[in-house]
Amino acid sequence: MIIAGNWKMNMDRASAQKLAEDLSGQAASMNNNAQMIVFPPAILIDTVVASRLNENLQIGGQDCHAQPSGAHTGDISASMLVDAGCGWVLAGHSERRTDHHESNQDVAAKASAAIDAGLSVIICVGETLEERMAGKANDIVAEQIEGSLPADLPHDRFALAYEPVWAIGTGQVASPEDVDAMHNHIRDVLVARHPNYAKVDILYGGSVKPDNAAALLALSNVGGALVGGASLKADDFIAIAQST
Ligand code: PEP
């Protein structure tokens, strides 16, 4: 079970240090199988690496470039994340797809670069409200998966995050029934692509909070959560991790 915290463009050195200390301190004494990973802004990765008390708290980048190095002002490469102490990276978060116009092809190239550099990757997909209302959610998500997973992606190096765009940062969590149906659909799409993808964790993301986490994490094809707002408070994030 993966409990991942996407800090987005939040926190400063002092708050990142405190959160890393609190989370890693509590992660060491948790008696379930939750693997906690945080995704700080790139400039705070060093702080989190230096501040965590143990490696029970894993660290990832929020994005990486598809190229290993070169003239790409403002970007960072997958190998830079490895060098900084990361084991993970997000690819294709809806805010990247929207703000930076990342296509499925871009996401696949980034995921591929991440694997080449030695990272594991959480690939994000999810439909908009308009697409859901039009009855297209299953098709859109299948298309995103088809396009965003690079060829030969090893099953033990990635997780897939289903994040309906309308549920991210809105407080409007998807119902357990909808999450169950979509995660079952995603499992079918993954297994059709490769039988080993039966083992891949499928995370749910979108307004996960301590009071709704248990019902979502109990679903058979939910292998964890990708958490935004609630990952910025140690007590909330730990409570979510303890709901597994
Ligand atoms: C996210 O950032 O991926 C996310 C799901 O955010 P929130 O939990 O705030 O909805």
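Counting convention: from 1, in listed order, for ligands and their atoms alike.
For atom 8 (O) of ligand 1, the closest heavy atom belonging to the protein is Gly228 N, 2.7 Å. Looking from atom 1 (C) of ligand 1 to the surrounding protein, the closest heavy atom is His93 NE2, 3.3 Å. Remark: minimum distance from atom 9 (O) of ligand 1 to any protein heavy atom is reached at Gly229 N, 2.8 Å. When hydrogens are left out, the protein atom nearest atom 2 (O) of ligand 1 is Lys8 CE, 2.6 Å; that is the closest non-hydrogen contact. From the protein, the heavy atom lying nearest to atom 5 (C) of ligand 1 is Glu163 OE2, 3.0 Å.
The side chain to side chain contact (heavy atoms under 4.5 Å, CB included) test applied to Pro68 returns no partner, not counting sequence neighbours.
In Asn6, the part holding a heavy atom less than 4.0 Å from any atom of ligand 1 is the side chain. The backbone of Ala167, and not its side chain, has at least one atom closer than 4.0 Å to an atom of ligand 1 (non-hydrogen atoms only; backbone = N, CA, C, O).
Between the side chains of Thr128 and Glu131, at least one donor-acceptor pair of N or O atoms lies under 3.5 Å. A side-chain donor-acceptor contact under 3.5 Å links Arg97 and Ser148. Looking at Trp166 and Gln172, their side chains never bring a donor and an acceptor atom within 3.5 Å of each other.
Taking 4.0 Å as the cut-off between side-chain N and carboxylate O, Asp22 and Lys18 count as a salt-bridged pair.
Annotation for ligand 1: atoms under 4.0 Å from non-hydrogen atoms of Leu226 are 3 (O), 5 (C). For ligand 1, the atoms lying closer than 4.0 Å to a non-hydrogen atom of Gly169 are 7 (P), 9 (O), 10 (O).
For residues 133-153, the set of pairs meeting the salt bridge (Lys or Arg N to Asp or Glu O under 4.0 Å) definition, not counting sequence neighbours, comprises Glu146-Arg193.
Note on ring orientation: taking the six-membered ring where Trp is involved, the planes of Tyr162 and His183 are perpendicular (angle over 60°, cut-offs 30° and 60°).
Under a 4.0 Å heavy-atom criterion, Gly206 is in contact with ligand 1.
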